[in-house]
Amino acid sequence: MSLEVSIIVPDRVFWKENANEIILPTLTGQMGVLKNHIPLLTGLDTGLILVRTEESAKWIGVVVMGGFALVNNNKVTILVNEAELGSEINAEEAEASFLASKSELESVSEGKRKIELTSQFKKARARFFRIKLLFIKNKSIY
């Protein structure tokens, strides 16, 4: 038996499949989950979820915008505000968005706008580094 992983966005089940392992972007850093993990509820940061499915040795990347993950009895239920499969990310658009959000964030020093731009930057960074991982790992992540 492996892990049953479900990624749920507000209006639907975004992705559901069995997996051998998963790496989550928690609020305190990355966390790996394998079969028979202890029960856990954790907050998720904006970032990249990596899932190694049963059918493939390759990793599947999913960019998420914050949420929660529940691990219990070899089931991983992930509730997030937004999700995007790494395979659907346009490399040029992701890089342009990352560079633009980084520049804009550096130009603001404080206040509500800084918080908004930080959130945009985290999403752009996750999308961009998902593409970078694809090339670094020689296409072993999709």
Side-chain angles (χ1 to χ4, degrees), residues 1-106 108 110-142:
M1 182 175 170
S2 60
L3 298 169
E4 180 184 311
V5 179
S6 300
I7 300 175
I8 302 167
V9 294
D11 61 341
R12 64 188 161 83
V13 174
F14 175 79
W15 190 83
K16 184 174 184 174
E17 198 166 327
N18 289 331
N20 289 328
E21 58 186 305
I22 184 168
I23 299 173
L24 301 168
T26 73
L27 295 171
T28 57
Q30 290 186 329
M31 182 188 84
V33 177
L34 298 170
K35 181 177 144 184
N36 297 324
H37 197 284
I38 63 169
L40 170 78
L41 175 64
T42 186
L44 299 178
D45 200 356
T46 297
L48 182 64
I49 293 176
L50 294 172
V51 183
R52 189 184 309 258
T53 64
E54 286 185 324
E55 293 81 36
S56 175
K58 295 183 179 180
W59 290 91
I60 294 175
V62 181
V63 176
V64 296
M65 289 290 292
F68 297 92
L70 173 65
V71 179
N72 194 22
N73 294 325
N74 291 319
K75 291 183 182 179
V76 181
T77 305
I78 300 166
L79 305 171
V80 292
N81 297 320
E82 293 178 44
E84 182 178 15
L85 282 173
S87 59
E88 297 175 355
I89 297 173
N90 176 291
E92 292 81 22
E93 186 273 327
E95 182 175 15
S97 177
F98 169 72
L99 294 173
S101 65
K102 180 179 178 185
S103 175
E104 196 171 356
L105 180 59
E106 289 170 349
V108 177
E110 60 185 57
K112 182 180 175 185
R113 184 71 179 141
K114 177 94 173 180
I115 295 168
E116 292 168 353
L117 290 174
T118 299
S119 178
Q120 289 175 8
F121 173 73
K122 283 183 175 183
K123 181 179 180 181
R125 181 181 59 194
R127 294 178 81 243
F128 178 62
F129 284 110
R130 159 57 196 98
I131 297 301
K132 287 294 187 190
L133 279 175
L134 176 67
F135 295 111
I136 291 170
K137 297 290 187 179
N138 197 18
K139 301 193 184 224
S140 64
I141 299 175
Y142 57 91

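What's counted below: heavy atoms across the whole structure, side chains too, no hydrogens, waters or symmetry copies.
- With sequence neighbours excluded, no residue satisfies side chain to side chain donor-acceptor pair (under 3.5 Å) with Glu17.
- Residues Val80 and Phe14 form no side-chain contact, since every pair of their non-hydrogen atoms from C-beta on lies 4.5 Å or further apart.
- Distance check, rounded to the nearest 0.5 Å: CD1 of Ile49 to OG1 of Thr26 gives 11.0 Å.
- Ala124 and Phe98 make their closest contact through CB-CA, 3.7 Å (heavy atoms, listed as atom of the first residue, atom of the second, distance).
- Panel note: side chain Lys75, backbone Glu4; no donor-acceptor pair is recorded below 3.5 Å.
- Atom CG of Leu44 sits about 7.0 Å away from atom CG of Leu27, to the nearest 0.5 Å.
- For the side chain to side chain contact (heavy atoms under 4.5 Å, CB included) with Thr118, the qualifying choice from Gln120, Glu116, Lys114 is Lys114, the only one to do so.
- For the pair Met31 and Leu40, the tightest heavy-atom approach, listed with the atom from each and the gap, is CE-CD2, 3.1 Å.
- Minimum heavy-atom separation, Ser2 to Ala19: CB-O, 3.1 Å.
- Counting heavy atoms from C-beta outward, Val71 and Ile22 have side chains that stay 4.5 Å or more apart.
- Taking every heavy atom of both residues into account, Ile7 and Ala83 meet most closely at CG2-CB, 4.3 Å.
- Side-chain contact between Val33 and Val5 is absent, with no heavy-atom pair separated by less than 4.5 Å.
- Between the OG atom in Ser101 and the CD atom in Glu106 there is a gap of 9.5 Å [rounded to 0.5 Å].
- In this structure, Arg113 pairs ionically with Glu104, as a charged nitrogen and a carboxylate oxygen lie closer than 4.0 Å.
- Taking CG from Leu24 and CG from Leu48, the interatomic distance works out to 10.5 Å, rounded to the nearest 0.5 Å.
- Environment of NZ in Lys16: sparse, with no more than 12 heavy atoms of neighbouring residues, nucleotides or ligands closer than 6.0 Å.
- Side chain of Ser103 to main chain of Leu99: no donor-acceptor pair is present (N/O by atom type, distance under 3.5 Å, no hydrogens or angles).
- Within the structure, side chain to side chain donor-acceptor pair (under 3.5 Å) pairs that include any residue of residues 36-52 comprise Glu21-Arg52, Asn36-Asn74, Asp45-Lys122 (at least two apart or interchain).
- Minimum interatomic distance between Asn20 and Thr53 (heavy atoms only, all atoms of both residues): ND2-O, 3.7 Å.
- Taking the side chain to side chain donor-acceptor pair (under 3.5 Å) definition, one finds that Glu93 meets it with Arg127, sequence neighbours left out.
- Looking at Met65 and Ser119, their side chains come closer than 4.5 Å, going by heavy atoms from C-beta outward.
- By the 6.0 Å contact criterion, CD on Gln30 is open, its count of non-hydrogen atoms from other residues, nucleotides or ligands being 12 or less.
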